[in-house]
Amino acid sequence: MEVVQMQRAWVEYTKSLFREFSYSFFGWMKGFLDAQFQQLQLLQDESNPDFVAEVVSLFFEDSERLLSDLTFALEQQSVDFKKVDAHVHQLKGSSSSIGAQRVKNDCIAFRSFCEEQNVEGCQRCLQQVKQDYSLVKSKLEALIRLEQQIVAAGGSIPMEELSF
């Protein structure tokens, strides 16, 4: 695929991440990402071409650890809801900072179940968080791969073509 085609594909794919509808545990949701991700993209330039990939990679590492900690905490005989809530709060912050709005919204609901000390509600939310995290992770990995292909082919990321 030539550079211009890859750039067009990147623009369309990126736009789809903001407007795609799907149904989840919490109802119909629009977009995997929000404006915060656009802000991250604007911070990337020739002097720091891997900025978004690095931030996203850190988000993946942090999220994997937190999801593992949450799974373990909710499997305990006596659930420490303060600990669970602290992990969910961290995940909500990480998700918010990169614009992963579905994961962030899942965490908001998750925290309300923590406040109620509702184990079943927390477990359902954990499954939803894992599902939405997995989706956003695969979509961001695809976006980053496409960006790397564009750059490897001698092109640049057409940020100016992203108008929402």
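Computed from a predicted model, the values in this text were never measured in an experiment.
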**Request:** Starting from the C-alpha separation in whole Å, work towards a yes-or-no answer on side chain to side chain contact (heavy atoms under 4.5 Å, CB included) for Phe81 and Cys122.
**Result:** CA-CA 9 Å; Phe81 286 98; Cys122 286; 4.0 Å; yes

**Item:** Shortest non-hydrogen contact between Leu91 and Val103, atoms and distance
**Value:** CG-CG1, 4.3 Å

Side-chain ([X]) to main-chain ([Y]) donor-acceptor, under 3.5 angstrom:
X      : Y      : result
Gln36  : Ala100 : no
Ser134 : Gln131 : no
Ser57  : Glu54  : no
Arg102 : Tyr133 : no

**Message:** List the residues meeting side chain to side chain donor-acceptor pair (under 3.5 Å) with Lys137, not counting sequence neighbours, and say none if there are none.
**Reply:** Glu64

**Residues in side chain to side chain donor-acceptor pair (under 3.5 Å) contact with Arg65, at least two apart in sequence or another chain** = Asp62

**Message:** Can you pull out every side chain to side chain donor-acceptor pair (under 3.5 Å) where at least one residue sits in residues 67-82? Sequence neighbours excluded, please.
**Reply:** Thr71-Lys130

Give the table of side-chain donor-acceptor pairs shorter than 3.5 Å for residues 140-153, with sequence neighbours excluded, one pair per line with atom names and distance.
residue: Glu147; atom: OE2; partner: Trp10; partner atom: NE1; Å: 3.1

Any chain of hydrophobic side-chain contacts (each under 4.5 Å) joining [X] to [Y]?
X      : Y     : answer
Val55  : Leu42 : yes
Val84  : Phe72 : no
Met159 : Ile98 : yes
Leu135 : Tyr13 : yes

Any chance you could measure [X], atom [atom1], to [Y], atom [atom2], to the nearest 0.5 Å?
X      : Y      : atom1 : atom2 : answer
Leu58  : Ser94  : CG    : OG    : 9.5 Å
Leu33  : Lys139 : CG    : NZ    : 9.5 Å
Asp132 : Asp106 : CG    : CG    : 4.5 Å
Phe18  : Phe37  : CZ    : CZ    : 6.5 Å
Cys125 : Leu74  : SG    : CG    : 10.0 Å

Can you give each donor-acceptor pair under 3.5 Å made by side-chain atoms of residues 109-119, sequence neighbours left out, with the distance rounded to 0.1 Å?
residue: Arg111; atom: NE; partner: Asp85; partner atom: OD1; Å: 2.8
residue: Arg111; atom: NH1; partner: His89; partner atom: ND1; Å: 2.9
residue: Arg111; atom: NH2; partner: Asp85; partner atom: OD2; Å: 3.0
residue: Ser112; atom: OG; partner: Ala109; partner atom: O; Å: 2.6
residue: Asn118; atom: OD1; partner: Glu120; partner atom: N; Å: 3.2
residue: Asn118; atom: OD1; partner: Gly121; partner atom: N; Å: 2.7

**Prompt:** Strictly by modelled atom types, are Asn105 and Gln101 linked by a side-chain donor-acceptor pair under 3.5 Å?
**Reply:** no

**Prompt:** Would a 4.5 Å heavy-atom cut-off, applied to side chains only, mark Val11 and Gln7 as touching?
**Reply:** no

**Request:** Answer whether the closest heavy-atom distance between the side chains of Ile157 and Gln41 falls below 4.5 Å.
**Result:** no

**Message:** I'd like to check the salt bridge (charged side-chain N to carboxylate O under 4.0 Å, His left out) partners of Lys92; sequence neighbours left out, ordered by chain and number.
**Reply:** none

**Prompt:** Which is it for Leu67 and Leu126 under the side chain to side chain contact (heavy atoms under 4.5 Å, CB included) test, yes or no, and what are the steps along the way?
**Reply:** CA-CA 8 Å; Leu67 290 171; Leu126 177 59; 4.0 Å; yes

